[in-house]
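I have placed the structure first, in the form of structure tokens, so that the comments after it can refer back to it.
Every heavy atom of this structure was used, including side-chain atoms; hydrogens, water molecules and symmetry mates were not. A note on names: the letters A, B, ... follow the listed sequences, proteins ahead of strands, and every chain is numbered from 1.
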2 protein chains.
Amino acid sequence: MGVTKTQVFTEKQNRIADLAKALAHPARIAIIQHLLKEKSCVCGDLVEVLPLAQATVSQHLKELKQIGILHGEINPPRVCYCINETVWQEAKVIFGEIFETEVSVNCCG
Amino acid sequence: MGVTKTQVFTEKQNRIADLAKALAHPARIAIIQHLLKEKSCVCGDLVEVLPLAQATVSQHLKELKQIGILHGEINPPRVCYCINETVWQEAKVIFGEIFETEVSVNCCG
DNA sequence: AATATCAATCGCAATAATACGATTGATATT
DNA sequence: AATATCAATCGTATTATTGCGATTGATATT
């Protein structure tokens, strides 16, 4: 049915999946990397950096904003996008928790 | 067009996005958590653990296998799924690299 | 006031993902 | 040989995602 059965999973499992989904596109990875590299906000020149149309970039930014990873400071007619440090920290912790689990015994060798 | 323009991004950006996509569903998170918790392989009883039909679970396992996170040891008629430690380590490093980047200056406050 | 600039949104087309019933293929079990 | 068990795959329905041209709304600029 193309619709995820979120009800049957824990809130945390859904949150991890949602955060992962936000990272599940190379354009959004590129956006995040760019914003991190510039160590500050970057305005609409993201469109110039990315090989995608303005409408497409805007949509990716919207998704990252929706999940909370970015927040946009409106300064018309420009918009400045920044990493939301709180959510970024949350993501760091949440992914860290999964990956720090060691696979000590593995029956498949 | 519903198809990601992978050509215009770096291999690494695409790999990160692909790994994230593998984690972008609560069922797959639950599968990984279960396999990690049991610290060893788990067989078809994943179907009992998850509130999804056998066909659906099989499909999620296939995706995780495809990206490399799992490998299945066939022992008919059972199949034992394990975390592929090499790929798991790769994912740990690749996500670690992103998240260790500090947001030192942030113009949006 | 007219114009230029920027970013969000709409509308559309095409492809991907989610879910599951039913079937199939393979191997133990009897 | 007949049957039971397990997991993959097929087929199908439904929804989500990706992408962009075109439009819209808002604010500077002239």
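Each of A:T4 and A:A53 lies near DNA chain D, and the nucleotide nearest A:T4 is the one positioned closer to the 5' end. Positionally, the nearest nucleotide of DNA chain C for A:K62 lies more toward the 5' end than for the other of A:K62 and B:A24. Residue A:Q54 is the one, among B:H60 and A:Q54, whose nearest nucleotide of DNA chain C lies closer to the 5' end (criterion: closest heavy atom).
A salt bridge is absent between A:K92 and A:E85: the closest approach of a Lys/Arg side-chain nitrogen to an acidic carboxylate oxygen does not fall below 4.0 angstrom. Between B:R78 and B:E73, no side-chain nitrogen of the basic residue sits less than 4.0 Å from a carboxylate oxygen of the acidic one, so the salt-bridge criterion is not met. Between A:E63 and A:K21 there is no salt bridge, since none of the side-chain N atoms of the basic residue sits less than 4.0 Å from a carboxylate O of the acidic one.
A 4.5 Å side-chain heavy-atom check between B:I16 and B:F9 finds every atom pair outside the cut-off.
Shown here are the side chain to side chain donor-acceptor pair (under 3.5 Å) partners of B:Q13, two or more places apart in sequence or in another chain: A:Q33, B:T10.
B:L61 comes within contact range of no nucleotide atom at all, as no heavy-atom separation falls under 4.0 Å. Within 4.0 Å of A:Q59, counting heavy atoms only, lies at least one base atom of the nucleic acid. Nucleic acid contact for A:L52: sugar-phosphate only, since backbone atoms but no base atoms lie under 4.0 Å from a heavy atom of the residue.
The CG-P distance, from B:L50 to C:dT18, rounds to 14 Å in whole Å. A straight line from CD of B:E63 to P of C:dA16 spans 13 Å, rounded to a whole angstrom.
Phosphate contact (OP1/OP2 of D:dA8, side-chain N/O of B:S58, threshold under 4.0 Å): present. B:K21 has a side-chain polar atom (N or O) that falls below the 4.0 Å cut-off from OP1 or OP2 of C:dA17.
Minimum atom distance to the side chain of B:K65 is reached by D:dA8, of the listed D:dA8, D:dG19, C:dT18. Here the nucleotide nearest the side chain of B:R78, chosen from D:dT18, D:dG21, D:dA7, is D:dA7.
DNA chain D forms stems at C:1-30 with D:1-30, each a run of 3 or more consecutive Watson-Crick or G-U wobble pairs whose two key distances fall under 3.5 Å.
The neighbour count for A:Q66 CD, taken as heavy atoms of other residues, nucleotides or ligands under 6.0 Å away, does not exceed 12.
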